[in-house]
Each structure stands twice: as structure tokens, then as C-alpha cells.
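First up is the structure itself, then whatever we jot down about it.
Protein chains get the first letters and strands the later ones, always in sequence-line order, with residue 1 at the start of each. All heavy atoms count here, side chains included; hydrogens, waters and symmetry mates do not.
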Protein chains: 2
Amino acid sequence: MPDDHSDPDLAFAPHDHARCAGDAMARAETSLALGGQRLTAVRRRTLQILLESHRALGAYEVLDRLVADGYGNQPPVAYRALEFLEEQGLVHRIRRLNAFTACMHPGEVHAPAFLICRACHAVAEAPAGTLGAALQAAADTLHFTIERSTIEAVGLCPACKATAGTATRGIA
Amino acid sequence: MPDDHSDPDLAFAPHDHARCAGDAMARAETSLALGGQRLTAVRRRTLQILLESHRALGAYEVLDRLVADGYGNQPPVAYRALEFLEEQGLVHRIRRLNAFTACMHPGEVHAPAFLICRACHAVAEAPAGTLGAALQAAADTLHFTIERSTIEAVGLCPACKATAGTATRGIA
DNA sequence: GTTGACATGTTATACTGTAACGCTATATCC
DNA sequence: GGATATAGCGTTACAGTATAACATGTCAAC
Ligand SMILES: [Zn+2]
Ligand SMILES: [Zn+2]
Ligand SMILES: [Zn+2]
Ligand SMILES: [Zn+2]
């Protein structure tokens with residue numbers, strides 16, 4: 001059995017997602033412990049919820065899930081947990097969708113870029129490649145200093161391209 | 001007097017903005033005429049409003065301006081005009097700001113990328129350069145087909161870097 | 001002038017995000 | 001253990017963003 005956890009993003013491919021999510025949660029715990037940050041019950045559950053699929057969830061979807069688990073049922077509960085996780089680099093905000101998704105490469109420094117399938121709503125974190133450099137180069141010609149960047153592409157994932165028109169596929 | 005209308009984006013530099021905006025409006029008229037689309041009063045005024053500065057305006061800011069000119073004062077009036085202009089490639093949506101800005105390169109095919117100054121709120125459309133290609137390359141490795149992309153960077157424009165901390169500068 | 005298509009005006013509502021306050025849990029220091 | 005400080009959570013109330021649905025108006029083609 002091949003190692004299906006080599007990097008090239010597997011959001012679009014079938015894979016051992018239980019392990020995928022478990023690994024991510026473990027990395028999150030390590031990373032937070034190192035930084036002296038607290039992974040409280042709400043925060044942990046929020047991250048778990050996002051890790052259940054390679055999709056982006058709206059704050060209110062997350063909130064619904066938290067409520068079902070007995071946590072506070074007001075928007076700030078979800079927003080606070082999500083913002084904390086984003087600050088810690090464990091979650092990314094997908095502005096195009098007004099939604100959040102778990103980071104698949106926590107720890108590594110990365111200007112994240114996302115590929116969003118409009119059919120199955122899977123979200124993959126694209127391999128950085130020369131992307132960051134290209135954006136930096138564009139900024140340089142205008143003498144602009146980049147602090148944060150948002151790169152998001154909408155289109156069709158391989159599975160949905162194959163089934164052209166059909167609905168959900170894969171882990172999304 | 002040098003031609004200050006050579007491309008490298010001038011949003012961050014002083015320039016003859018009346019001509020800058022006038023040119024853009026003229027290109028818009030041509031482009032719509034070719035496509036058989038109608039530049040109605042609301043649409044024209046909406047584009048003018050966005051062309052007054054190199055900033056992004058929220059739909060409700062645009063609406064306020066339209067109301068002041070005697071147009072309908074409900075959100076759909078502004079959203080419809082903005083969406084029409086965006087479909088025609090004359091306006092871009094800046095998701096990071098929940099706002100809209102006039103396109104500075106209408107006609108040309110371009111996967112737009114924006115540089116947003118967090119100090120003076122100027123928004124420049126970055127020269128495409130290798131950016132589109134880099135994103136496409138990243139997508140290719142996952143066999144993802146890009147249909148639309150959102151590229152936005154937040155940081156400091158040259159003027160605001162110089163004044164480090166001071167407020168508004170330039171045309172923004 | 002009637003028809004049909006498109007655009008605008010209007011009502012109402014849905015969705016997304018935050019400010020502010022008070023309570024509770026946790027860590028720290030004595 | 002008890003006092004103190006801090007961070008996190010629960011809640012109320014509201015602000016900001018966006019859209020569905022329907023009525024009215026405008027314009028060009030026939
Ligand atoms: Zn997975
Ligand atoms: Zn898909
Ligand atoms: Zn200008
Ligand atoms: Zn600036």
C-alpha cells in the first residue's frame with residue numbers, strides 16, 4: 001500500500017481521511033503547545049468540525065454544529081474560535097465563500113492559495129510553487145509591500161470534470 | 001511633460017486622474033457598444049462614481065451616491081448596476097473589502113490581481129506578469145481547471161511606506 | 001399601438017460579522 | 001488553600017452585506 005500522505009494536495013483524491021484529519025489535529029496540538037496557546041474545548045471541537053471534510057464551512061454552519069454539541073449558540077462563539085485558529089495558522093478564511101477551512105500544512109510558512117471546486121465544493125490548498133514569488137514580483141514593480149495575500153481560484157476538480165455535471169464526489 | 005498614462009499602474013502615483021477616468025469611461029462605452037450592451041443612466045453613474053478615485057467602494061457607499069443623484073434608494077439598485085458592470089469586465093469585486101473598484105484595463109483579458117494599501121486604501125490592479133501562469137501551473141499539478149480567480153494582497157503602497165504611519169496620500 | 005424584453009423601483013428578508021458586558025474557568029502568587 | 005489576575009466563554013443587541021420576489025416603467029421591433 002502506497003503512502004497516500006505525500007504532499008501534493010489530496011483534497012481532490014480519495015485518501016485515508018481519518019488519518020489525514022488525525023494527523024492534522026496532532027500537528028495542531030503540538031504547534032499550540034509550543035506556542036503556549038490553549039486548545040480549549042470549543043476550539044478543539046471547531047477544528048475537528050472543519051477537519052471532517054475538505055470543504056469550507058461558514059461560521060454559522062460551524063455554530064450549528066457547536067450548538068448541537070452543547071456549546072454556546074451565539075455567533076461570537078464560533079467567530080472567536082475560528083479567528084483564534086486562523087491567527088494560529090490552523091485555519092484559513094476563504095473570502096470568496098465567506099467560509100473557513102482547516103489548514104492542511106500547519107507549521108510550514110505558506111502564502112496559501114486555494115482551489116475551490118464549484119461542483120463538489122471541495123477546497124484544496126494549492127502547492128505554493130512560484131506563486132508567491134510571482135505575486136511578490138508584481139508588487140515590486142509598483143514598490144508595494146505585501147503583508148498578507150489572498151489567492152483563490154474557482155473551477156472544477158478532476159473528479160467533477162470527469163463526471164461533468166454530476167454532483168458530489170470524493171471526500172468533499 | 002511625460003506621458004503619465006503608460007501602463008505600470010498609477011493608482012499609487014500622482015497622475016492626471018481626470019484623463020485617467022475619462023479614458024476609462026470612453027473605453028467602457030466602446031466596449032459595451034461592441035457587445036450590444038446598454039450603458040443606462042444608473043450604470044453610467046455607478047461607473048463614474050467608482051472612477052472618481054482609485055479606491056474600492058462598498059455597495060452601500062455607491063448606493064448613497066446614487067440616492068443623492070435621485071436614483072432608487074434600495075440596495076438592489078446598486079448591486080444590479082455593479083453586477084452588470086462586473087459581468088462586462090468594467091468593474092472588479094474586491095472580496096477582502098466587500099467592495100468594488102473600476103477596472104483599469106478593460107478589454108484586455110486579465111486574471112486581475114489587486115494590491116490594497118491598508119493605510120490610504122488605494123487599490124491598484126497589479127500587472128499580470130507571470131502571476132496567471134504561476135496559478136495555472138499550481139492548479140495543473142492537481143489537474144484542477146480554473147475558471148475564475150481572486151488574487152488580493154494587503155500591504156503598504158510606496159507613498160504610505162514613506163510617510164510610515166501618516167494617513168491619506170496620493171489619489172486614493 | 002401592441003408586444004416582448006430588459007431595466008428599474010420597492011418591499012421584505014436572509015446572511016454575515018461585531019461591540020460590549022458579565023460570568024466562569026484557569027493559571028499564578030502568596 | 002485562598003486572593004488575584006487573565007483569558008475564555010455565554011449572551012444581548014446590533015451593524016453591515018446581499019438577495020428573492022414582485023410591481024412598474026422604458027424602449028425597440030413588429
Ligand atoms: Zn483528508
Ligand atoms: Zn469537485
Ligand atoms: Zn487615475
Ligand atoms: Zn497607501
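By the side chain to side chain donor-acceptor pair (under 3.5 Å) test, A:Asp64 pairs with no residue at all, sequence neighbours left out. Among residues two or more places apart in sequence or in another chain, the side chain to side chain contact (heavy atoms under 4.5 Å, CB included) test is passed with B:Glu61 by B:Arg55, B:Leu57.
Regarding contacts with the backbone of D:dA18, a side-chain N or O of B:Asn98 is found under 4.0 angstrom from either OP1 or OP2. The shortest distance between the side-chain N/O atoms of B:Tyr79 and the OP1/OP2 oxygens of D:dT19 is not below 4.0 Å. The phosphate of D:dA18 (OP1 or OP2) has a side-chain N or O of B:Arg93 nearer than 4.0 angstrom.
Side-chain contact check for B:Cys103 versus B:Pro112: every heavy-atom pair is 4.5 Å or farther apart. Residues B:Gln136 and A:Leu131 are not in side-chain contact: their nearest non-hydrogen atoms beyond the backbone lie 4.5 Å or more apart. Looking only at side-chain heavy atoms (C-beta outward), A:Arg65 and A:Glu52 come within less than 4.5 Å of each other.
Residues of residues 57-67 of chain B having a heavy atom closer than 4.0 Å to DNA chain C: none are found. Sorted by residue number, the list of members of residues 25-42 of chain B with any non-hydrogen atom under 4.0 Å from DNA chain D is empty.
Protein atom OH of B:Tyr71 is 11 Å distant from nucleotide atom C1' of C:dT8, rounded to whole Å. The nearest whole Å value for the distance from the CZ atom in B:Arg95 to the P atom in D:dT17 is 14 Å. The separation between B:Asp69 atom CG and C:dG9 atom C1' is 16 Å, rounded to whole Å. Following rounding to the nearest Å, A:Glu87 (CD) and D:dA7 (P) show an atom-to-atom distance of 13 Å. Counting to the nearest Å, the P atom of D:dT17 and the CZ atom of A:Arg96 are 18 Å from each other.
B:Phe114 and B:Leu156 fall into different hydrophobic clusters, where Ile, Leu, Val, Met, Phe, Trp and Tyr side chains are chained together by heavy-atom contacts under 4.5 Å.
Residue A:Arg80 places no side-chain atom within donor-acceptor reach of the base of C:dG17, judged by atom type and a 3.5 Å distance cut-off alone.
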Mind listing the side-chain donor-acceptor pairs of residues 82-99 of chain B below 3.5 Å, one per line with the distance, residues two or more places apart or on another chain?
from, atom 1, to, atom 2, distance (Å)
B:His92, NE2, B:His110, NE2, 3.1
B:His92, NE2, B:Glu125, OE2, 3.4
B:Arg96, NH1, A:Thr150, OG1, 2.8

Just list the side-chain donor-acceptor pairs under 3.5 Å for residues 67-79 of chain A, sequence neighbours left out, or say none.
from, atom 1, to, atom 2, distance (Å)
A:Asp69, OD2, A:Arg45, NE, 2.4
A:Asp69, OD2, A:Arg45, NH2, 3.3

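Note: B:His54 and B:His17 have perpendicular aromatic rings, judged against thresholds of 30 and 60 degrees for the angle between ring planes.
When the nucleotides C:dG17, D:dT11, D:dT17 are ranked by their closest atom to the side chain of A:Gln74, D:dT11 comes out on top. Candidate nucleotides C:dT10, D:dT17, D:dG8 were compared by shortest atom distance to the side chain of A:Arg43, and D:dG8 ranks first.
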